[in-house]
Undergrad: 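Right, I'll just put the structure down here and ask away after.
Hydrogens, waters and symmetry mates are skipped; everything else that's a heavy atom, side chains included, is used. Each chain gets a letter, A, B and so on, in the order the sequences are listed, and its residues count up from 1.
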Amino acid sequence: MNYKKTLNLPKTKFPMKANLAQREPAQLKTWAEDRLYEKIRELSEKENRTPFILHDGPPYANGRIHIGTALNKILKDIIVRSHQMAGFDAVYVPGWDCHGLPIEHNVDKELGPKKKDMSISSIRKQCRKYAGKFIDIQRKEFKRLGVMGEWEQPYLTMNYAYEAIIARECGKFAANGALFRSKKPIYWCSSCNTALAEAEIEYADESSPSIYVKFSVKDDLTDIIPDLGEKKAFIVIWTTTPWTIPANLAIALHPDFEYVAVDTKNGDVLILARELVQSCMELFEITDYEIIADIQASQLEKKVCSHPMYDRDSLVILGDHVTLEAGTGCVHTAPGHGREDHEVGLAYGLEAYSPVDDNGCFTKEVEDFAGQFVFDANKGIISALKDSGALAAQAKMKHSYPHCWRCKQSVIFRATPQWFISMDKTDLRKRSLEEIDRVEWIPKWGRERIYGMIENRPDWCVSRQRTWGVPIAVFYCKDCETVLTDQDTDDRIHDLFKEHGADIWFEKDVKDILSENITCASCGSKEFIKENDILDVWFDSGVSHAAVLEERPNLTWPADLYLEGSDQHRGWFHSSLLTAVGIRDAAPYKAVLTHGFVVDEAGKKMSKSVGNVVAPKEVIDEYGAEILRLWVSASDYRDDIRISQNILKQLSDAYRRIRNTCRFMLGNLSDYDPDTQSVDYESMTDLDKFALHRLFGLLKKGVSAYDRYEFHVIYHSMYNFCTLDLSSVYLDILKDRLYTSYSDSAKRRSAQTVLHIIVNGLARLMAPLLPFTAEEVWKYMPQTQDKADSIHLETFIEIDEKWNNESLGKKWDILLQVRGEVTKALEEARAEKRIGHPLDAVLTLSATDEVYELLDEYLVDLRDIFIVSGVSIIKDQALENAFESEIVSDLSILVQKAANSKCERCWVHDDSVGTVDDHPGICSRCYEQLEKGQLEKGQLEKSDDGSA
RNA sequence: GGGCCUGUAGCUCAGUUUCGGUUAGAGCGCACGCCUGAUAAGCGUGAGGUCGAUGGUUCAAAUCCAUCCAGGCCCA
């Protein structure tokens, strides 16, 4: 007889093969059709849940998503989902950053020469269209990752209402006095007649004049150079841009370098860095010289030199940017023509003097050279210096020089009027630093990072001479340049932008917007200039807290959490903090979480040229989004995280293991109704209680790990639970009970009750990490009265405190340790070919003390626990030829081949096999189950003899 | 060059903080074996680490200190 049919083997339609790449899109479609996200919102509202707001940092609407974007969005989704399941109302509004140079740049390229004939408005329309295209592309990609949110109502920084708020917030900075206009050097292309951004600069080698110039010191230096006598002291500078000499205002020395006075025996004493004396003297062709004094840079600070060409002073200042790599250690400083020059100049109150016009020609301020193109003027300037005796040496030098990306011409650095938000006029810096300490930074070092940046940053330059962005919507007085601050005007601008978008600014004249009776508060003038510069895009995204959190009724200000890569300490966290503190005097977030960057298996950054880039689409197509999510879940994202085929392969193996474990449990629940057939905790076997004890540990750990955003802890615990606690112990032991017991037996129902609790708890725990798989498991779980249509409408399982059974746990820890020794003993016997399957064996265990007591307590269960055909125990006696445990003291295990016949049904070797008349091939236990099982089903007519 | 961070088996992670303390753990992968009633599954056993390097403090260092190397982000 074939007894296999009499067993209760697992039965489920839950597919073993995940087929994620195909199944996921179908699942997404179903969720969308079922309006799952809306249902979650409705449920949350009905239950009046506490909101949890993760505010999305907007990705830039350009290009396809890369693996880093995927990481970021998946992390956000895990957090949103886990908070929803923890009982919050976790609304997620995704956003996009739409303005800015890269889009304008790409549109430029698409338009080509046509652009010249187009109006600002029509170029802006093209940019808007371009951004819209990539928003659609990225939205599809994000949705494909399983990220849930308000995809049909995202926030876009180019939405009219958003643009209106950008202008409004900027206006508030103008009103409170933080916004001011000042000159700052920027890259300028004289041939294209335009300002250039860093990203528009290409570097190429170029040959430039290299000159050394003597600046005579006006102040008396006899204190510093006692042997100076009647000789003249000069500070020598070096530069490769002679045309900036007319704009020289200072000479910078390094505060820590050693300087010396060199007597050149011709009446001059030259001051330069000690380390560079020799090389300079060779250059100057001076062979006879003598160092006559050591000088500290600080001794020269604020001394005054004469400009070598004009009747003007040049101040000696100190700066850390000075190097000894080339030159003299004394740096020619023209604050209008160099970034570092400008910054160090600010500290000494020097102006950004830049007597150069839009065409790159000197203005009329520059005697002798007015109207000359600066590069052409180099020659004349050099000869003028030579004539006046200020030129110490000249040469040519090849070096890397910035060029315009479009016309390839050399660019210049030139100070132009820019708009700034002051860090200090309104105590913005101080207040921001105070706010930083009210925010929770995760990991903790985030605080140091952003604190240092805010502490040291210069004023925020918010103006860009560009087209695609939101204008700095302010007017300033034509006569005195005072910024107009007028609430009515600001309100009107806001309303205009809200209705027409920011384009309106470029289409209207001053008089269209300003009412006629407005006068300058400072000088009474009625003439105003409409600013046409646009705002730094960091300002756009930086005010998202105002444009999104404050505007949408289902969101909160401040947000509970911002979550971005660690580059955003300089970026969005930073700009958001400044705009929020500047206007609202508080940080817009309660906590800030950062993640690292995705690197390759060797820890190197990804780059196209190296060829180590992993694209999300490829991973999704090959493995499924779920594997990408598992990768995010398994990694400690606070550091950089690695990805490679090898890692993905490993995760996909791990996924299969989790999936199969669930499948096996589902298979054993096919005939179980949780509503009517569940067994009370008190009536369960100890093994079942132990399984719940372990589940308790997993769930507690998992839920608290979600709370701390430590998802890799959940992944590892969950995975280890599946393999160690379930697969190799609980489920393995349970097989005999589940298969051989009759369907409705108490022992089987006890096991099924536990299995159902485990799948239920496990599926819910994994739902935020693996939303597709959790839903699939959910679908195949037994129906119950209160089971929601989707697992994502549920919360984490309610953890029953009585599952926590420490004393039982301790007993089973020992039993499992003994079991581990038993498997070793069995393996030894198997290697000696004495047995094959463990059920071929019977065991004799010798133990002492508490181990013996414990084994004695569980004696009848040991056969099941060890999955062998028989176990007997002896106390305090030696066993011949037995396996001696090295881990459990005084434990030895004798493995012998089972002598009894093997039951055809349960495969256990038992002495009752052959004693049942009608069924000579099976054991009495099986016969009993068979009988009860048949009775139950009413299938066995001849069993009504009263024996059952 | 500066600021912040990281480095533990081939891979993913524990252990490092606050308190230095047996032989540094787990799983995967790998090798070998068992089973064929989770079967494109399941079970078992085993081999893998000078804890990035060097120096120091200490009776004792993966853990504390210093320097260096490698890598990442942000500045310059």
Undergrad: Are more than 12 heavy atoms from other residues, nucleotides or ligands located less than 6.0 Å from atom CD of A:Glu884?
TA: yes
Undergrad: Taking the minimum atom-to-atom distance to the side chain of A:Val599, which one of B:rG72, B:rC13, B:rA38 wins?
TA: B:rG72
Undergrad: Between A:Arg925, A:Arg748, A:Arg863, which is the residue that forms a salt bridge (Lys or Arg N to Asp or Glu O under 4.0 Å) with A:Asp736?
TA: A:Arg925
Undergrad: Between A:Arg638 and A:His595, is there a donor-acceptor pair closer than 3.5 Å when you use the side chain of the first and the backbone of the second?
TA: no
Undergrad: Using whole Å, what does the distance between atom P of nucleotide B:rG33 and atom CG of A:Leu826 come to?
TA: 18 Å
Undergrad: Report the base-pairing partner of B:rC68 (Watson-Crick or G-U wobble, both distances below 3.5 angstrom), or none.
TA: B:rG52
Undergrad: Quick check: does any side chain N or O of A:Arg905 sit under 3.5 Å from a backbone N or O of A:Tyr3, one acting as donor and the other as acceptor?
TA: no
Undergrad: For nucleotides B:rG33 and B:rU22, find the distance between their C1' atoms and express it as a whole number of Å.
TA: 33 Å
Undergrad: Is A:Trp907 stacked on the base of B:rG37, meaning ring centres closer than 5.5 Å and planes within 30 degrees of each other?
TA: yes
Undergrad: Quote, to the nearest angstrom, the P distance that separates B:rA40 from B:rU50.
TA: 40 Å
Undergrad: Find the distance A:Asn19:CG to B:rA40:C1' and express it as a whole number of Å.
TA: 12 Å
Undergrad: Quick one: look up who B:rA62 pairs with, Watson-Crick or G-U, both distances under 3.5 Å, and put none if it's unpaired.
TA: none
Undergrad: So does A:Asp653 pair up with A:Arg657, basic N to acidic O under 4.0 Å?
TA: no
Undergrad: Pick the C1' atom in B:rA61 and in B:rC51, then give their distance to the nearest Å.
TA: 11 Å
Undergrad: Let me know the distance between CG of A:Leu839 and P of B:rG37, rounded to the nearest Å.
TA: 13 Å
Undergrad: Choose from B:rC28, B:rC4, B:rG37 the nucleotide whose nearest atom is closest to any side-chain atom of A:Glu448.
TA: B:rC4
Undergrad: Starting at atom CD of A:Gln568, determine the distance to atom C1' of B:rC75, rounded to an integer number of angstrom.
TA: 15 Å
Undergrad: Where each residue is assigned the nucleotide of RNA chain B containing its nearest heavy atom, which of A:Lys833 and A:Asn646 is assigned the position nearer the 5′ end?
TA: A:Asn646
Undergrad: Measuring from the side chain of A:Arg570 (C-beta onward, heavy atoms only), which nucleotide among B:rU12, B:rC75, B:rC13 has the closest atom?
TA: B:rC75
Undergrad: Which part of the nucleic acid does A:Asp653 contact within heavy-atom distance under 4.0 Å: base, sugar-phosphate only, or nothing?
TA: sugar-phosphate
Undergrad: Under 4.0 Å, heavy atoms only, any strand: does A:Leu724 hit a base, just the sugar-phosphate, or nothing?
TA: sugar-phosphate
Undergrad: Measuring only the P atom in each nucleotide, how far is B:rA41 from B:rC30? A whole number of Å is fine.
TA: 13 Å
Undergrad: Students often get this wrong, so: under 4.0 angstrom with heavy atoms, is A:Met453 touching a base, only sugar-phosphate, or nothing?
TA: sugar-phosphate
Undergrad: Roughly, in whole Å, what's the span from CD1 in A:Ile627 to P in B:rC11?
TA: 20 Å
Undergrad: Mind checking A:Gly836 for me? I need base, sugar-phosphate or nothing, with any heavy atom below 4.0 Å counting as a touch.
TA: sugar-phosphate
Undergrad: If you only use heavy atoms from C-beta on, which nucleotide in B:rC43, B:rU45, B:rC5 is closest to the side chain of A:Ser728?
TA: B:rC43
Undergrad: Pick one for B:rG37: is it syn, with its angle within 90° of 0, or anti?
TA: anti
Undergrad: Report the base-pairing partner of B:rU39 (Watson-Crick or G-U wobble, both distances below 3.5 angstrom), or none.
TA: none
Undergrad: Specify the closest pair of heavy atoms between A:His332 and A:Asp341, including all atoms of both residues, with the distance to one decimal.
TA: O-OD2, 3.5 Å
Undergrad: Among residues 601-608 of chain A, which contact RNA chain B at a heavy-atom distance under 4.0 Å?
TA: A:Glu601, A:Gly603, A:Lys604, A:Lys605
Undergrad: At 4.0 Å (heavy atoms only), tell me whether A:Ala634 reaches a base, stays on the sugar-phosphate, or touches nothing.
TA: sugar-phosphate
Undergrad: For nucleotides B:rA9 and B:rA31, find the distance between their C1' atoms and express it as a whole number of Å.
TA: 16 Å
Undergrad: Using whole Å, report how far CG of A:Asn612 lies from C1' of B:rG72.
TA: 13 Å
Undergrad: Could a donor-acceptor pair under 3.5 angstrom be found where the side chain of A:Arg449 meets the base of B:rC73?
TA: yes
Undergrad: Inspect the surroundings of NZ in A:Lys11 and state if more than 12 heavy atoms from other residues, nucleotides or ligands are less than 6.0 Å away.
TA: no
Undergrad: Please state how far atom CD in A:Glu343 lies from atom P in B:rA76, giving the value in whole angstrom units.
TA: 7 Å
Undergrad: Touch check for A:Glu564, heavy atoms < 4.0 angstrom, all strands: base, sugar-phosphate only, or nothing?
TA: nothing
Undergrad: Mark yes or no for whether A:Trp441, through its side chain, and A:Ile436, through its backbone, hold a donor-acceptor pair below 3.5 Å.
TA: yes
Undergrad: Could you tell me how far B:rG27 sits from B:rG42 if I compare only their P atoms? Round to whole Å.
TA: 15 Å
Undergrad: A:Asp639 CG to B:rC5 P: how many Å, rounded?
TA: 11 Å
Undergrad: From the options B:rC34, B:rG37, B:rG42, select the nucleotide whose nearest atom is closest to the side chain of A:Tyr739.
TA: B:rG37
Undergrad: Look at A:Lys824 together with A:Glu821 and state whether they make a salt bridge at an N to O cut-off of under 4.0 Å.
TA: yes
Undergrad: Both A:Leu651 and A:Gly820 contact RNA chain B. Which one's nearest nucleotide lies toward the 5' end?
TA: A:Leu651
Undergrad: Which part of the nucleic acid, if any, lies within contact of A:His716, taking any heavy atom under 4.0 Å across all strands shown: a base, the sugar-phosphate backbone alone, or nothing?
TA: base
Undergrad: Could you check whether A:Ser727 gets within reach of a base, just the sugar-phosphate, or nothing at all, counting any heavy atom under 4.0 Å?
TA: base
Undergrad: Rounding to the closest angstrom, what is the interatomic distance between B:rC11 and B:rC74 at atom C1'?
TA: 30 Å
Undergrad: Between A:Arg737 and A:Asp864, is there a side-chain heavy-atom distance shorter than 4.5 Å?
TA: no
Undergrad: Could you work out the separation of B:rA24 and B:rU16 based on their C1' atoms and round it to a whole Å?
TA: 12 Å
Undergrad: Okay, side chain of A:Arg429, backbone of A:Arg457: is any donor-acceptor separation there less than 3.5 Å?
TA: yes
Undergrad: Mind checking A:Ile647 for me? I need base, sugar-phosphate or nothing, with any heavy atom below 4.0 Å counting as a touch.
TA: sugar-phosphate
Undergrad: Just N and O in the side chain of A:Arg656: are any of them under 4.0 Å from OP1 or OP2 of B:rA41?
TA: yes
Undergrad: Remember a base hit wins even if backbone is also touched, and classify A:Arg659 as base, sugar-phosphate or nothing at under 4.0 Å, heavy atoms.
TA: nothing
Undergrad: Who is the Watson-Crick or G-U wobble partner of B:rA24, with both distances under 3.5 Å?
TA: none
Undergrad: Paired with B:rU18 by Watson-Crick or G-U wobble geometry, both distances under 3.5 Å: which nucleotide is it?
TA: none
Undergrad: Give A:Lys735 one of three labels, base, sugar-phosphate or nothing, depending on what nucleic acid heavy atoms sit under 4.0 Å from its own.
TA: base
Undergrad: Strictly by Watson-Crick or wobble contacts shorter than 3.5 Å, is anything paired with B:rG44, and which nucleotide is it?
TA: B:rC32
Undergrad: Of the listed nucleotides (B:rC74, B:rA38, B:rC43), which one gets closest to any side-chain atom of A:Phe664?
TA: B:rA38
Undergrad: Donor-acceptor pair, A:Tyr637 side chain versus A:Phe711 backbone, under 3.5 Å?
TA: no
